Amino acid sequence: KRSSCVVSKTMRRVLVLLTVFIFWEDAHSSRISDEISLRDWPGCPPDQDSTLNIALLGLTGDGKSSTCRWLAAKEEGCKVGHGLESETSRVSMVTEPWVGDEQCGSLTIVDTPGIQDTRGLDAEQWTLTVEEMRQRFKDLDAVILVVNFAQARMREERRQMLEVLRSSFGTEFWAHLIVLFTHFSWKTEKNIGGRLPLELKEAAANWRTYFKNMEIERKVQGRHMWRGEKRTMMVQTIESIPFFGVDFSPQTPLAKASEVNDDQREFMGLSEILRMRDWIKKTRQERGPLDLKDLRPRMGPSEVRPEQEWRCKFTQRCVIQVAGDSLSDHDHLRVYPETVECGEKFDNTMFLSAEEKAALDSGEASELFPGVKLPFDYMTRRADGGSEAMRTFDLGMGQVSGNYRICYCEYGKCDRASRFSQDAGMIEVYRPSCGRIQCPDNVAEVVIDGGSPVPCEMQDTPEIFFPDKVSFFCKPDFISIQQQEHFDGSCNIDGNFMIEKTREGRMESCHQAPEVDVARLFKWQTFYTHGKREFKCCVSSQNINDGRLVEIFRNEEDDDKMPKSSTRKVPCKKRIGCGCLFGDTWHSYNKKHKKLHSACWVKLNQISSIIGYTPTEILTRVAAAGEAPREAKNNKALKYAAGAVGVAATAVAVKAII
């Protein structure tokens, strides 16, 4: 009996302990069941909406490619990176139903390389990634930041990555950002060592705090960019960033979500994917997608001040200072055409003027423009010094006047147009103005830089700029001090117009041209041959001092070249005096006439323009003509060229006439 009593008491104790254990297990199971109830796979109601576009971003090894595979429920299209060496060397894109469920609608996934790739190609990879995304998509519905929860601490490379993403996408980045923790295995009945919702909540709070500090403390031109109501709205936006946890274990065979067994689906957190999908759809409806037209591959914290202005003189060295925040000595700038937006591609023909472009289109460019002349010696330049608030850039010589855009590339590999996405402002290469020309006395026309002659009147004279050269052509019967038909002036670098001076330092001008006895130039011959041309010195019977030099034409075909001052003209043929003015009308004489004289006084500039000799050459030849015929000794010609023939006599004659 005593033995039976002991056994009975022992059995009762066992039964009590067993009852307590069963009660505790039921309670524990019930608690776990409550925790995972939100993560059961419910499937999706039929969805006929358009395809959603998302981009997976993150560090190498955080699980972007594994996430891509499970979201698409297929192997193809998503490359997987194992260990520290990334296998995703370019953008991968795939369009499939969400987690293989047709009723959940379509999803296009952009799987990107790690921004801090271990091959050291992060800058170039990110540039290519941005360019490809902009080419393929107008917008994104969400940017999913994939983070390995086992390494969720805010390491330096992750801080840099977030700066790159924020700078590249702009402020709208926060409103479309999702943080997806991978390697986040959920606690279930069969995964007691998994993680609880509280852990996800605590991690999300820490990350949101960092996001707020990163954005709210951002400064532009030394001032906080978020103030007042805008600051409150940005804080609310960051507070609403969703966080999800999944565990895409390589031990679980890839399959559609509906085909994964319940236990695996629970600890993997596949129901989180549906929650994430619902958030993306809601955000698209409320805020619209993230527009990619302004997406640029930014790689550093440098932020330039927009709408700056610079001016540099044409042909002078151009050194500019660019203002901003957190500027680096590794930053670069590039000179863009005024009509091209920063970050866009262009070719050097965009720097051509309208006239040059027209010639290029007509096929004349190879002859007229063998190469495009660029505005500066250095069209792309790394910072030459300065501080975080102001960087100096030496662009070399300003070579082409005009307005150009200064585009900025922050720290990184600045070797592609898309990297120069920050518009710093406009630079002008200007030519100092000398205003409108003041016409000197006795000037008929002006020619600017070899252009067409224009009348020298103040109201018609165009404005001139450095380094324009201007030629002033004297009125008829006038000549320059240096015995030329014109004299020159130029606009200097200081905007002052300078008129040419003589060797003696006198300022040039037009004055009455001296008369020269052309008979001396012809050495008193009946006509003068110059090359294949023939000339005659003619004198009016009304005034023996009024001489005229005309060209002789001996063919009927040249009849139209004869002077048209009278209808009484005879074709030249073989008559010596053809086309000369004797009296009031045109006549021809076969022999010497009483109206002919030994002297023929003609204005120096007229002789020069007809024959082609320079005034100095004419004076030299006239002075070296030698003795006049006896009948001409008392003639006016002796005043100009008396003395023996020779160099000394020539010099005296020329000087006397000048």
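These numbers were taken from a predicted model, which means no experiment stands behind them.
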Tell me the closest heavy-atom pair linking [X] and [Y], and the distance in Å.
X: R334; Y: T380; result: NE-OG1, 2.9 Å
X: I464; Y: I437; result: CG2-CD1, 3.8 Å
X: M397; Y: D377; result: N-OD2, 2.8 Å
X: H330; Y: H332; result: O-ND1, 3.0 Å
X: G505; Y: K501; result: O-CD, 3.7 Å
X: Y404; Y: V400; result: OH-O, 3.0 Å

- Task: Indicate yes or no for a side-chain donor-acceptor contact from E508 to the backbone of I481 under 3.5 Å, with no hydrogens or angles considered.
- Result: yes
- Backbone N/O of I493 and side chain of Q316: donor-acceptor pair under 3.5 Å: no
Going by heavy atoms in the side chains, are [X] and [Y] under 4.5 Å from each other?
X: D517; Y: V622; answer: no
X: D423; Y: P306; answer: no
X: F376; Y: C318; answer: yes
X: T315; Y: F466; answer: yes

- Query: What is the distance from atom CZ of F351 to atom CD of Q399, rounded to the nearest 0.5 Å?
  - Reply: 11.5 Å
- Got a second to check how far L333's CG is from I427's CD1, nearest 0.5 Å? 8.5 Å
More than 12 foreign heavy atoms under 6.0 Å from [atom1] of [X]: is that the case here?
X: E309; atom1: CD; result: no
X: M390; atom1: CE; result: yes
X: F473; atom1: CZ; result: yes

- Task: Run the salt-bridge test on R391 and E410 with the 4.0 Å N-O cut-off and return the result as yes or no.
- Result: no
- Task: Please step through side-chain contact (heavy atoms from CB on, under 4.5 Å) for the pair V443 and C510, ending with a clear verdict.
- Result: CA-CA 7 Å; V443 171; C510 293; 3.9 Å; yes
- Message: One pair to check against salt bridge (charged side-chain N to carboxylate O under 4.0 Å, His left out): E344 and R134. What are the steps and the verdict?
- Response: CA-CA 11 Å; E344 299 295 331; R134 293 187 67 206; 3.5 Å; yes
- For F420, which residues count as a ring pair (Phe, Tyr, Trp, His ring centres under 6.0 Å) partner, sequence neighbours excluded? none
- Item | Full working for side-chain contact (heavy atoms from CB on, under 4.5 Å) between Q483 and I618 | CA-CA 10 Å; Q483 309 302 326; I618 294 171; over 6 Å; no
- Query: Relative to Y430, does R311 satisfy both conditions: NZ or CZ under 6.0 angstrom from the six-membered ring centre, and within 45 degrees of the ring's axis?
  - Reply: yes
- Message: S480 vs Q482, test: side chain to side chain donor-acceptor pair (under 3.5 Å). Steps then yes/no.
- Response: CA-CA 5 Å; S480 73; Q482 299 182 87; 5.8 Å; no
- CA sep, side-chain torsions, deciding dist, call: E445, V454, side-chain contact (heavy atoms from CB on, under 4.5 Å): CA-CA 5 Å; E445 294 178 328; V454 295; over 6 Å; no
- Message: Under the criterion side chain to side chain donor-acceptor pair (under 3.5 Å), I'd like the reasoning laid out for D331 against Y408: C-alpha separation, chi angles, the key distance, then a yes or no.
- Response: CA-CA 8 Å; D331 295 347; Y408 204 84; 2.8 Å; yes
- Message: Run Q512 and K603 through side-chain contact (heavy atoms from CB on, under 4.5 Å) and show every step you take.
- Response: CA-CA 9 Å; Q512 283 282 349; K603 293 286 186 180; 3.4 Å; yes
- Query: Can you list the steps and then say if K469 with D488 is a salt bridge (charged side-chain N to carboxylate O under 4.0 Å, His left out)?
  - Reply: CA-CA 7 Å; K469 293 187 181 298; D488 297 328; over 6 Å; no
